[in-house]
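To start, the structure under review is shown below, and the notes come after it.
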Amino acid sequence: MTQLPDSGDGALVLVLAGEFDSATVAPLRRALTDAQSTKAPRTIVDVSGVVYADSGLLRLLLQAHHRLPRFMVAGPVPPQLRRLLELSGTAATLRVTPDLEAARRA
């Protein structure tokens, strides 16, 4: 996970790459907790580089959706993660944009 520098819009952007499961989501959990305490006006999680995800990542995304104002997931969403979102019924719950630029404009 990488946090992008502020581009002037105040958005906190976290870029995910690789595998995310219950054993590897701790850095993301900390970053999302920090976003809540710093009251970032918008939080974007770019999932385009996710190779594998399980319920650990899904849980964090849902918690962030409920706790953070203007929380968005930026795609394109990889097929495995899209399937997880669809099977869990959360695809319609999360605000998912086609890409990072669309999330920044939203």
Would you indicate whether the side-chain heavy atoms of Leu14 and Leu32 approach each other to under 4.5 Å? yes

Do the side chains of Phe20 and Val13 join up, straight or via other hydrophobic residues, at under 4.5 Å, putting them in one cluster? no

Atom NE2 of His66 and atom CG of Leu61: how far apart are they, to the nearest 0.5 Å? 11.0 Å

side-chain contact (heavy atoms from CB on, under 4.5 Å) partners of Pro41, counting only residues at least two apart: none

Residue pairs, two or more places apart or on separate chains, that pass side chain to side chain donor-acceptor pair (under 3.5 Å) and touch residues 21-33: Asp21-Thr24

Tested for side-chain contact (heavy atoms from CB on, under 4.5 Å) against Ile44, the lone hit among Val73, Leu4, Val15, Leu100 is Leu100

When rounded to the nearest 0.5 angstrom, what distance separates CG in Leu60 from CG in Leu28? 5.0 Å

Report yes if some heavy atom in the side chain of Leu57 is under 4.5 Å from a heavy atom in the side chain of Leu84; otherwise report no. no

Ala106 backbone acceptor or donor facing Arg42 side chain under 3.5 Å: yes

Working to the nearest 0.5 Å, report the span between CD of Glu86 and CG of Leu81. 10.0 Å

Taking side chain to side chain donor-acceptor pair (under 3.5 Å) as the cut-off, I'd like each qualifying pair that reaches into residues 74-83, sequence neighbours left out, listed once. none

Is there side-chain contact between Thr38 and Leu12, with heavy atoms separated by less than 4.5 Å? no

Taking all non-hydrogen atoms of both residues, which atom of Ala35 and which atom of Thr43 are closest, and how far apart? CB-OG1, 3.9 Å

Which pairs count as side chain to side chain donor-acceptor pair (under 3.5 Å) when at least one residue sits in residues 89-106, sequence neighbours excluded? Ser7-Arg104, Asp9-Arg104, Ser88-Thr90

Pairs involving residues 48-63, ordered by first then second residue, that meet side chain to side chain donor-acceptor pair (under 3.5 Å) (sequence neighbours left out): Asp46-Ser48

With a 4.5 Å cut-off on side-chain heavy-atom distances among I, L, V, M, F, W and Y, is there a chain of contacts connecting Leu62 to Met72? no

